[in-house]
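Quick one: the structure is below, and I'll ask about it shortly.
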2 protein chains.
Amino acid sequence: MNQAMETKFKPRLDQIKLDYKIWLADKDGNGILGDGKWRMLKMIGEKGSLKAACEELGYTYRRTWGNIKKIEDFFGFPLLEKHRGGAEGGSMALTEEGKLLVRAFDKFHSGADTLIQKGFIKFLDDISNK
Amino acid sequence: MNQAMETKFKPRLDQIKLDYKIWLADKDGNGILGDGKWRMLKMIGEKGSLKAACEELGYTYRRTWGNIKKIEDFFGFPLLEKHRGGAEGGSMALTEEGKLLVRAFDKFHSGADTLIQKGFIKFLDDISNK
DNA sequence: TCACGATATGCATGAAAAAGCATAACGCAA
DNA sequence: TTGCGTTATGCTTTTTCATGCATATCGTGA
C-alpha cells in the first residue's frame, strides 16, 4: 500500500503462523469430531488401548472416555470395540466403521492442510505488500 | 466398504455439518487474530465506534477492548485510530494498516471457505462409501 | 467551566470446561 | 478365588475465561 506498510508489517511476518481447526458438528453446532478426537481415535487404533493412547497424547482418561461416548452417541453405533477384563486388563480397537471414518478424516484433513497453507502464503504476500 | 456401512452412516449424513476456524497466532500458539476479532475490526471500520460495533455484534465492550490491545501489542503498531472526548464522546477508525489487514484476511477467508467446503463434500462421499 | 458520551482500565463475580479423585465392573491367569 | 490391569462412571475440585460493574480520562459545544 505504501512505504509505511513495508517497514511496519515486515519485521513480524516470520513470527506469525497460521492455525486452524476443522470439525464435524451436529445440526445444532455441537462439536462431534475434531482434530483432538480424531487423533485420539487413531492413537487408540495404534495402541490397542484407551489408557495407553491417553498417556501417549497427554489427555486425561476421564475426559477422553466422555468424548468417545459423545461421538458414538451421535453416530448411533460403535466406532470402537471395547474389552474389559482378561489377562491384560482390557483393550480397545477401532471397528471397521471407525477405521473408515478415521481414514476419511485423514484424507480430508491433509487436503485442507495444503490448501490453507497455500492461501496463507498469499495472505502474507498481500499484507507485506509486494 | 461393505453393506453395513451403507446402512449405518447414511441416515446421519444430512445431520452432519462442517465447521472450522482459522486464525493467526504468534510463535507460541497464542491466538492473535481470528474470525471474531476480524469481524470486529471490520465492524469498527463501518460504525466508526467501538461501542457501536460491540452493540451490533453482541460482544462486550470490556472484552473487545482487551482483544484490540492484544492484537496491537502483537503487531507493535496501531490498527485503529482512537479518539477520546469531543462532541460525540469519541470515535475509532481503522488505520491504513488496519484496512489492509482486514482486506487481506477477507480474501484469505473467502478462499478458504470454498476450498474447505469442496473437501467436505468429498469427505461425505468417502464415508458414505459410493 | 460544566455536562455529555465514548474511550480506557481495574476488579469482582459467575459460568463453563477441564482435571482430578474415587471406586465399581470385568475376565483371565496363577 | 485372589490379584492385576484396564475399561466404565459418578462426583468434587481447579482452572480458565467471560461477563458485569465501577470509575477515570478526555475534548468539544453550550
Side-chain angles (χ1 to χ4, degrees), chain A residues 19 21 23 25-26 28-37 39-41 43-74 77-95 98, chain B residues 19 21 23 25-26 28-37 39-41 43-74 77-95 98:
Chain A
D19 220 338
K21 280 179 193 289
W23 66 95
D26 65 20
D28 300 322
N30 302 308
I32 301 300
L33 178 61
D35 292 10
K37 300 189 183 86
R39 244 190 302 277
M40 175 56 65
L41 287 178
M43 188 58 72
I44 293 172
E46 283 177 35
K47 295 278 177 182
S49 153
L50 174 54
K51 187 166 186 288
C54 286
E55 280 161 8
E56 182 70 26
L57 295 176
Y59 299 165
T60 65
Y61 183 97
R62 185 66 188 80
R63 176 165 169 59
T64 304
W65 183 89
N67 282 337
I68 288 173
K69 186 164 163 43
K70 211 159 46 169
I71 299 173
E72 294 189 331
D73 280 354
F74 174 77
F77 58 89
L79 300 171
L80 293 162
E81 272 173 35
K82 300 133 198 164
H83 301 286
R84 276 208 296 200
E88 315 287 290
S91 67
M92 219 180 255
L94 287 167
T95 60
Chain B
D19 220 338
K21 279 178 192 290
W23 66 95
D26 65 20
D28 301 321
N30 302 307
I32 301 300
L33 179 60
D35 291 11
K37 300 188 182 85
R39 243 190 304 274
M40 176 55 65
L41 287 178
M43 189 56 73
I44 293 172
E46 284 177 35
K47 294 280 176 181
S49 152
L50 174 54
K51 186 167 186 289
C54 287
E55 278 160 9
E56 183 70 26
L57 295 176
Y59 299 166
T60 64
Y61 184 97
R62 185 64 189 83
R63 174 164 171 60
T64 304
W65 184 88
N67 282 338
I68 288 174
K69 186 164 163 45
K70 211 159 45 168
I71 299 174
E72 294 189 330
D73 280 353
F74 174 78
F77 59 88
L79 299 172
L80 292 163
E81 273 173 35
K82 299 134 198 164
H83 301 288
R84 277 209 293 201
E88 315 288 289
S91 67
M92 218 181 256
L94 287 168
T95 60

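Reckoned from all heavy atoms, side chains included, excluding hydrogens, waters and symmetry mates.
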Of the listed nucleotides C:dA8, C:dA6, D:dT7, the one nearest the side chain of B:Ser49: C:dA6
Between B:Tyr61 and C:dT7, does any side-chain N or O lie under 4.0 Å from OP1 or OP2? yes
So, does B:Lys82 get its side chain near the phosphate of C:dT7, meaning an N or O under 4.0 Å from OP1 or OP2? no
A:Asp73 CG to D:dA8 C1': how many Å, rounded? 14 Å
May I ask you to say what A:Gly85 touches in the nucleic acid, namely base, sugar-phosphate or nothing, with a heavy-atom cut-off under 4.0 Å? base
Where the side chain of B:Ala87 is defined as all heavy atoms beyond and including C-beta, which of D:dT19, D:dG29, D:dT7 is the nearest nucleotide? D:dG29
Quick check for you: to the nearest 0.5 Å, what is the distance between B:Ile68 atom CD1 and B:Arg63 atom CZ? 11.5 Å
Report the distance from atom CG of A:Asn30 to atom C1' of C:dA17, rounded to the nearest whole Å. 14 Å
Rounded to the nearest Å, what distance is computed from the CD atom of residue A:Glu88 to the P atom of nucleotide C:dA25? 23 Å
Per A:Arg84 side chain, nearest of listed nucleotides C:dG20, C:dC26, D:dA18: C:dC26
Closest approach to the side chain of A:Arg63, judged atom by atom: which nucleotide of D:dT7, C:dA18, C:dT7 is it? C:dA18
Atom pair distance, as rounded to whole Å: CH2 in A:Trp65 and C1' in C:dA18: 16 Å
Enter the distance from B:Met43:CE to B:Leu50:CG here, rounded to the nearest 0.5 Å. 12.0 Å
In whole angstrom, what separates B:Ile68's CD1 from C:dT9's C1'? 13 Å
Rounded distance in Å - CD (B:Glu55) to P (C:dA6): 8 Å
Between A:Lys69 and A:Gly89, who's closer to the 5' end of DNA chain D by nearest nucleotide? A:Gly89
Nearest listed nucleotide, side chain of A:Arg62, among D:dA18, C:dA19, C:dC21: C:dC21
Among D:dA8, C:dT7, D:dT19, which nucleotide has an atom closest to any side-chain atom of B:Thr60? D:dT19
To the nearest Å, how far apart are B:His83 NE2 and D:dC26 P? 16 Å
